[in-house]
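Here is the structure we will look at, set down as structure tokens.
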Amino acid sequence: MNNREPFVFEETCVPRRVLELFSVKWTSMVLYALQCGTTRTGELQRRLPGISKKMLTQTLRELERDGLIHREVYAVVPPKVEYSLTPLGELFIEPIEMLYRWGNQHADVLAQLSLRRGRPLQAETTSEDAVDAYANP
């Protein structure tokens, strides 16, 4: 029997702060997509099929507010905006990569979980494909 005291997750504890950052569905994918270098909004949207323009804009604003990405606006017509990772943002790529690789190693378990939740499987692109695509452009 385990006699250890249960851990209390205080509001300001590290696990809650980390999970708060990644609680938005697209946050880790947007950060990961930016690891290839400076990217415009349209290119990010093409790299992330399924994300709406509104959600992409919202996610980019939150990441910029948090200091994880840099937004560069050029005074040209038509307007040109580019996004890149800040040094702080680059620190988050390693745990994202580790999580994606863990998902690939346990894809069978994740597939079973999806089936239990009544979701159809979509095995067209695995996260490993995505990780490899960005890691080896």
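Just so we're clear, the structure is a prediction, and the values are computed from it rather than from any experiment.
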**Message:** Check for me, please, whether Val14 and Phe92 land in the same ILVMFWY cluster - side-chain distances under 4.5 Å, paths through other members count.
**Reply:** yes
**Message:** Does Glu43, at its CD atom, have more than 12 non-hydrogen atoms belonging to other residues, nucleotides or ligands within less than 6.0 Å?
**Reply:** yes
**Atom of Gln45, atom of Ile51 and distance for their closest heavy-atom approach** = NE2-O, 3.4 Å
**Nearest-0.5 Å distance, CD of residue Gln58 to CG of residue Leu63** = 10.5 Å
**Request:** Please report the C-alpha distance between Lys25 and Met55 in whole Å, then the side-chain angles of each, then the deciding distance to 0.1 Å, and finally whether the side chain to side chain contact (heavy atoms under 4.5 Å, CB included) criterion is met.
**Result:** CA-CA 10 Å; Lys25 176 180 178 180; Met55 181 54 69; over 6 Å; no
**Prompt:** Where do Arg65 and Glu62 land on the salt bridge (charged side-chain N to carboxylate O under 4.0 Å, His left out) test, with the steps shown first?
**Reply:** CA-CA 5 Å; Arg65 181 200 67 214; Glu62 289 173 2; 5.1 Å; no
**Asked** Can you find a heavy atom in the side chain of Thr57 that is under 4.5 Å from one in the side chain of Lys54?
**Response** no
**Request:** Take atom NZ of Lys80 as the centre, draw a 6.0 Å sphere, and report whether it contains more than 12 heavy atoms from other residues, nucleotides or ligands.
**Result:** yes
**Pairwise side-chain contact, Arg16 with Glu20, heavy-atom cut-off 4.5 Å (strictly under)** = no
**Nearest non-hydrogen partners of Ser28 and Tyr100, listed with the distance** = OG-OH, 2.9 Å
**Prompt:** More than 12 non-hydrogen atoms from neighbouring residues, nucleotides or ligands closer than 6.0 Å to CZ on Arg61, yes or no?
**Reply:** no
**Complete:** The reported gap from CD1 in Ile69 to OG1 in Thr59 (rounded to nearest 0.5 angstrom) is 9.0 Å
**Note, Tyr83 side chain near Thr38 side chain (heavy atom, < 4.5 Å)** = no
**Item:** Interatomic distance, Arg101 atom CZ to Ile96 atom CD1 [nearest 0.5 angstrom]
**Value:** 13.0 Å
**Prompt:** Quick check: are there more than 12 heavy atoms from other residues, nucleotides or ligands sitting under 6.0 Å from CD of Glu72?
**Reply:** yes
**Message:** Do Tyr32 and Gln35 make a side-chain contact, defined as non-hydrogen atoms from C-beta onward lying under 4.5 Å apart?
**Reply:** yes
**Asked** For Tyr74 and Glu82, does a side-chain donor sit closer than 3.5 Å to a side-chain acceptor?
**Response** yes
**Asked** Transitively linked via ILVMFWY side-chain contacts under 4.5 Å: Leu19 with Leu99?
**Response** no
**Message:** Would you compute the distance between atom CD of Gln112 and atom CG of Asp108 and round it to the nearest 0.5 angstrom?
**Reply:** 6.0 Å
**Request:** Please confirm whether the backbone N or O of Ser84 pairs with a side-chain atom of Thr86, one donor and one acceptor, at under 3.5 Å?
**Result:** no
**Item:** Single-linkage hydrophobic cluster, 4.5 Å side-chain cutoff, Val73 and Leu34 together
**Value:** yes
**Side-chain heavy atoms of Thr27 within contact of Leu68, under 4.5 Å** = no
**CG on Leu60 to CH2 on Trp26, rounded to 0.5 Å** = 12.0 Å
**Fill in**
For Leu44 and Ala33, the nearest pair of non-hydrogen atoms, with its separation, is CD2-CB, 3.8 Å
